[in-house]
Number of protein chains: 2
Amino acid sequence: MGRLKEFDEDKAIDGAIDCFWARGYEATSVRDLAEHMGIGGASLYNAYGGKRALFATALERYADRTSRQRIARLEETGRPKEAIRTFFAELIDRSLADPQRRGCLFVNSALDVAPHDAELGKAVAGYLDEVRAFFQRCIVAAQAAGGISARLDAVETSHHLLGVLVGMRVLARTHASRETLEAVARPALQLLDVPVARPGKGKR
Amino acid sequence: MGRLKEFDEDKAIDGAIDCFWARGYEATSVRDLAEHMGIGGASLYNAYGGKRALFATALERYADRTSRQRIARLEETGRPKEAIRTFFAELIDRSLADPQRRGCLFVNSALDVAPHDAELGKAVAGYLDEVRAFFQRCIVAAQAAGGISARLDAVETSHHLLGVLVGMRVLARTHASRETLEAVARPALQLLDVPVARPGKGKR
DNA sequence: AGTATTTTGTATCACTCGCTCTAGAATTGT
DNA sequence: ACAATTCTAGAGCGAGTGATACAAAATACT
């Protein structure tokens with residue numbers, strides 16, 4: 001019983017994601033949000049509880065729609081080493097293709113809200129660790145399949161790759177060029193190409 | 001002629017840096033600034049022109065007092081490879097020692113201000129490139145002295161190191177542990193340790 | 001139909017924002 | 001002493017902030 005919602009919840013959340021993504025948490029006002037979500041201010045508070053709760057919801061939706069979906073798509077191919085390589089290639093393409101240079105919502109949030117909100121900070125750290133865990137799974141799988149040297153520390157390398165990913169996302173916001181971003185990534189990706197087994201036999 | 005300034009300009013700018021560093025540009029109010037700088041709001045506008053101009057001044061002072069000074073100190077030792085290593089070691093120590101987890105003012109600004117202010121964005125990119133140029137000089141010097149393999153691309157590696165540095169600064173704000181930060185940095189530093197000359201003769 | 005329940009639009013709350021105005025205090029030159 | 005100049009303190013500006021109050025509108029259940 002009761003009156004039905006008149007707006008599309010998915011479209012609304014997408015609008016909220018766009019706002020937070022482009023301007024950050026603090027700089028986004030509730031009125032901006034409501035306008036981009038196509039709803040009134042009262043509906044926003046009625047449906048989502050407030051700005052902070054809406055942000056948490058938007059973060060979770062972004063994780064599902066953007067991060068996890070891409071990870072799943074790449075992991076399904078069954079080519080773990082290529083998955084990492086493609087992940088970074090797509091990252092560069094997306095960073096350069098976005099005229100707003102929004103970067104990554106997680107990375108932006110890590111600087112914007114995480115230091116001042118322990119709860120949201122933990123959530124952001126968790127989302128970032130999902131990406132790191134994806135790297136780790138890819139490395140372990142590639143090592144099992146013989147595509148990556150077993151001498152590489154999978155955990156350490158996954159942390160390194162996440163660090164490089166985060167750095168690239170930040171640099172992309174200062175209008176870094178494709179050449180710059182590729183230069184940042186290349187040494188990390190070449191890590192995965194150390195000779196796999198017999199020492200003394202280079203790949204080149 | 002005229003009344004003399006009653007406050008210490010250096011102390012005032014330091015207070016401004018602290019504010020911007022801890023809370024970011026947008027989240028810092030002029031009233032917060034004035035209080036931490038020990039001056040009144042009118043004096044702030046009289047002496048620095050306004051919030052944005054004060055931020056630019058603070059950025060420049062931070063570059064001089066923190067970034068360039070550390071670079072000069074490390075470069076004076078004449079041990080370029082060790083300079084890079086020490087730079088990252090100090091970065092980790094400083095990141096963990098700061099209870100506020102403020103990270104790096106440049107990195108924070110790259111996400112907070114750069115995308116919405118082209119002029120300040122260029123300044124931030126310039127400051128970050130000073131650090132990258134330091135890495136490049138160290139690599140070139142170490143290659144000339146025989147400490148780093150000449151096969152390493154100095155420009156590419158300097159971009160990579162800057163990317164890793166930026167990533168570490170961001171991750172440090174989400175309360176990353178020493179182990180995590182060292183794991184992010186280690187593969188990048190090991191890049192500098194590839195066998196220097198004669199192929200076929202490993203270092204280990 | 002009638003009632004309970006939920007959503008929606010509008011108006012508004014107290015508060016903070018960056019910034020400016022004005023009056024007075026402090027200095028130097030004549 | 002007096003004028004000219006610069007700095008300081010505090011009040012206050014219009015605009016915008018997150019959040020709420022309230023009544024009209026729309027639904028489901030009896």
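In DNA chain D, runs of at least 3 consecutive Watson-Crick or G-U pairs, each pair with both distances below 3.5 Å, span C:1-30 with D:1-30.
The distance between atom CZ of R3(A) and atom C1' of dA26(D), rounded to the nearest whole Å, is 5 Å. Between Y48(B) atom OH and dC7(D) atom C1' there is a gap of 13 Å when expressed in whole angstrom units. Note: OH (Y45(A)) to P (dT20(D)) measures 7 Å, nearest angstrom. One interatomic measurement links the two molecules: CG of N46(A) to P of dA26(D), which rounds to 17 Å at whole-angstrom precision.
In this structure, the ring of F87(A) has its center less than 6.0 angstrom from the ring center of F135(A).
Of the residues in residues 4-11 of chain B, L4(B), K5(B), E6(B), F7(B) come within less than 4.0 Å of DNA chain D through at least one heavy atom, sorted by number.
Between E26(A) and R23(A), none of the side-chain N atoms (NZ, or NE/NH1/NH2) sits under 4.0 Å from a carboxylate O, so this pair counts as no salt bridge. A salt bridge links R178(A) to D93(A): at least one charged side-chain nitrogen sits closer than 4.0 Å to a carboxylate oxygen. By the 4.0 Å N-to-carboxylate-O rule, E75(B) lies too far from R70(B) to be salt-bridged with it. The pair E35(A)-R31(A) does not meet the salt-bridge criterion, since no charged nitrogen lies less than 4.0 angstrom from a carboxylate oxygen. Under the 4.0 Å criterion applied to side-chain N and carboxylate O atoms, D98(A) and R101(A) are not assigned as salt-bridge partners. Between E119(B) and R52(B) there is a salt bridge, since a side-chain N of the basic residue sits under 4.0 Å from a carboxylate O of the acidic one. K122(A) has no carboxylate O lying under 4.0 Å from a charged side-chain N of D117(A), or vice versa, which leaves the two without a salt bridge. R68(B) has a carboxylate O that lies under 4.0 Å from a charged side-chain N of E60(B), or vice versa, which qualifies the two as a salt bridge. K51(A) and D32(A) are not joined by a salt bridge, as no carboxylate oxygen comes within less than 4.0 angstrom of a charged side-chain nitrogen.
Between S43(B) and dT8(D) there is a side-chain N or O to OP1 or OP2 distance below 4.0 Å.
In summary, contact between chain A and DNA chain C, defined as any nucleotide atom under 4.0 Å from a heavy atom of the protein, begins and ends at dT5(C) to dT12(C) in the 5' to 3' direction.
Contacts of Q69(A) classified as side-chain hydrogen bond (donor to acceptor under 3.5 Å, both in side chains), with partners at least two apart in sequence or in another chain: none. Qualifying side chain to side chain contact (heavy atoms under 4.5 Å, CB included) partners for E179(A), counting only residues two or more places apart in sequence or in other chains: S177(A).
Between R52(A) and G41(B), the residue anchored closer to the 5' end of DNA chain D is G41(B), taking for each the nucleotide with the nearest heavy atom.
Between atom CG of residue L189(A) and atom CZ of residue R186(A) there is a gap of 9.0 Å, rounded to the nearest 0.5 Å.
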Where do N or O atoms of nucleotides 15-17 of chain D meet protein N or O atoms at under 3.5 Å, pair by pair?
from: dT17(D); atom 1: OP1; to: S29(A); atom 2: OG; distance (Å): 3.3

